[in-house]
Amino acid sequence: MNISVPVDPLEWQISQDTANSIVAWLANTIGATESVLRVPATGHDKRLFFKVVFCLYMLSALGRLVSGLTVAYAGLCLFCLYMLAEISRSISACLS
C-alpha cells in the first residue's frame, strides 16, 4: 500500500523577485481598494454611500441564507459565463 506524504510547505522556496512582486501586487490592490472606498466612506457622495450600504446589507442577508463557498462558486460560474460571452462576441466580430 503506497501512501504519498504531502510536501512540507516550509520547504517551499521562492525567489526574492517573486516575493517582491507578490507583496507589491498586494500593496497595490489594497491601496486601490482603499482609494476607491474612501469616496463613499467620507459621505460626500450620498447616492454612492447608500448604494454601498445597500449592497453590503444584501450581501449580509445573502450570507445568512447560504454558505460563503456557495456564493463564491456562483460568482465564479457567472464570471465564466461572462468571459465566454465576451470571447464569443470577439470571435464573431473577427469572423464578420
Side-chain angles (χ1 to χ4, degrees):
M1 186 165 154
N2 290 334
I3 298 175
S4 63
V5 178
V7 177
D8 185 11
L10 296 176
E11 294 178 6
W12 294 353
Q13 294 181 1
I14 59 173
S15 68
Q16 187 67 35
D17 291 337
T18 304
N20 287 339
S21 65
I22 290 171
V23 171
W25 174 82
L26 187 61
N28 288 336
T29 303
I30 292 172
T33 304
E34 185 268 333
S35 65
V36 166
L37 294 178
R38 184 181 305 151
V39 173
T42 58
H44 288 93
D45 188 355
K46 299 290 185 203
R47 188 172 181 195
L48 182 60
F49 175 76
F50 286 118
K51 281 183 182 179
V52 170
V53 168
F54 178 75
C55 287
L56 290 175
Y57 180 76
M58 293 306 292
L59 286 173
S60 172
L62 182 65
R64 288 186 198 128
L65 295 175
V66 295
S67 72
L69 290 176
T70 304
V71 173
Y73 181 72
L76 180 64
C77 289
L78 289 175
F79 178 72
C80 288
L81 288 174
Y82 170 76
M83 292 304 293
L84 182 66
E86 287 293 318
I87 290 171
S88 65
R89 187 178 308 149
S90 65
I91 289 174
S92 65
C94 288
L95 292 177
S96 59

**Report entry** Side-chain donor or acceptor of Ser88 paired with backbone N/O of Leu84 under 3.5 Å
**Finding:** yes
So, taking the atom named [atom1] in [X] and the one named [atom2] in [Y], what distance separates them when rounded to the nearest 0.5 Å?
| X | Y | atom1 | atom2 | result |
| --- | --- | --- | --- | --- |
| Ser90 | Glu86 | OG | CD | 7.5 Å |
| Leu48 | Thr42 | CG | OG1 | 9.0 Å |
| Asn28 | Thr33 | CG | OG1 | 10.5 Å |

Report summary line: Applying side chain to side chain donor-acceptor pair (under 3.5 Å) to Ser21 and not counting sequence neighbours gives none
Query - Cluster companions of Phe50 among Ile, Leu, Val, Met, Phe, Trp, Tyr (side-chain spacing under 4.5 Å) - result: Phe49, Val53
Query raised in the report: Mind checking who shares a hydrophobic cluster with Trp25, ILVMFWY linked at side-chain heavy-atom distances under 4.5 Å?
Result: Leu26, Ile30
